[in-house]
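Side chains included, hydrogens not; waters and symmetry mates left out as well; all remaining heavy atoms used. Remember, it's 1-based here, ligands and their atoms both numbered in the order they're listed. Start at 1 with the first residue, then count along the sequence. Predicted model only: the values in this text are computed from it and were never measured.
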Amino acid sequence: MNLAEPLQAGDRRALAKAITLVESTRADHREQADALLTTLMPATGRALRLGISGVPGVGKSTFIEALGVFLIEQGHRVAVLAVDPSSSLSGGAILGDKTRMEKLSMDTRAFIRPSPSSGTLGGVAEKTREALLLCEAAGYDVVIVETVGVGQSETAVAGMTDLYLLLQLPNAGDDLQAIKKGVMELADLVVINKADLDDQAATRAQAQITSALRLLPTHAHATQRVLKVSALKADGIAPVWAALTALRAEREASGAWAARRREQSLAWMWERIQAGLRQAFTAHPAVQAQLDAATVAVRDGRTPPSTAARQLLAAFRTSP
Ligand SMILES: Nc1nc2c(ncn2[C@@H]2O[C@H](COP(=O)(O)OP(=O)(O)OP(=O)(O)O)[C@@H](O)[C@H]2O)c(=O)[nH]1
């Protein structure tokens, strides 16, 4: 089945099929997926890759819908992907139910795909990275990767996108949870949503977050990285896009944009090598023969952890 051609011609069904292929765990599918991705590689890399996160209820879908519709009106093509760490645990998705982003999901210039639902966060992130490349090859020039503001998924999403936008509520300034969790450091832009509910609170949050950001070493020289919007009223969306495109221009000029992409690609490769090695290691017969005993010995304090690790690695290396 040739998916590359229809996919590049903009056939959304071919894109959906290609994503299903990269998400499959079957070995023959994996081979086809690798071949497809390799064919499409020259057509990738052209989109602005935008990560968006925020706690449940902050208004992610509403915001992405407003931004997406705005971008389509400007002539862009927008893909929305998701990394949902809950879906692998509960089978139930926090993100990605069908009623979200109604206007966007009906527009042929947009493509919305829920989170892959199997495996670890690393596995889910891997599949989303590949889906992102497929969306680029299909001509989407803005790819949004969304995640919930819980756990490690923000780091995974920031690691696959060019710019990372953190959505906050107008009362966010009061406790600054995101700072404590280290998520604020990842954010290139903080957007306070629901400003229509209490504009004064939103302005206060904007000031508080701006001064909190100045304390972070990565943001010491930054200006204007906190904006307020009403996603519901589609108010304040143009300044958000202007800030993102300004950041892009600045980083493209300095070389930071391309450098970040290069680092991400290499980090991705090493992450997959480590995951593969770990799998090969635990599946190795000589390791399996010793692993349980070693685990008990380390747990009971009889063998130093590093000694056990060295012995297991030696067993892995020497036997066929
Ligand atoms: N007043 C007001 N309400 C908003 C705004 N944005 C979103 N909401 C409402 O907040 C609620 C949650 O919005 P969602 O877009 O579903 O936000 P979310 O919980 O991040 O949802 P998911 O994207 O499904 O995770 C909904 O009832 C929205 O209508 C806004 O700018 N102003």
For [X], atoms of ligand 1 separated by under 4.0 Å from a heavy atom:
X      : result
Glu146 : 23 (O)
Gly57  : 12 (C), 18 (P), 19 (O), 20 (O)
Leu197 : 1 (N)
Pro56  : 19 (O)
Ser230 : 31 (O)
Val58  : 19 (O), 20 (O)

(request) Check the angle between the aromatic planes of Phe316 and Phe281 and answer parallel, tilted or perpendicular using the 30° and 60° thresholds. (result) perpendicular
(request) Answer yes or no: does atom CD of Glu5 have more than 12 heavy-atom neighbours from other residues, nucleotides or ligands under 6.0 Å? (result) no
(message) Side chain or backbone, does Thr62 bring an N or O within less than 3.5 Å of an N or O on ligand 1?
(response) yes
(message) Regarding ligand 1, does Ala195 bring an N or O atom to under 3.5 Å of one of the ligand's N or O atoms?
(response) no
Minimum heavy-atom separation for [X] and [Y], please, with both atom names.
X      : Y      : result
Thr210 : Gln206 : OG1-O, 2.5 Å
Val78  : Gly68  : CG2-O, 4.1 Å
Leu169 : Gly57  : CD2-O, 4.3 Å

(message) Hydrogens and angles aside, do Arg77 and Thr108 bring a side-chain donor and acceptor to less than 3.5 Å of each other?
(response) no
(request) Establish, from distance only, whether the side-chain atoms of Thr203 and Lys228 form a donor-acceptor pair under 3.5 Å. (result) yes
(request) Pick whichever of Asp196, Leu232, Val55 has a heavy atom sitting closest to atom 29 (O) of ligand 1. (result) Leu232
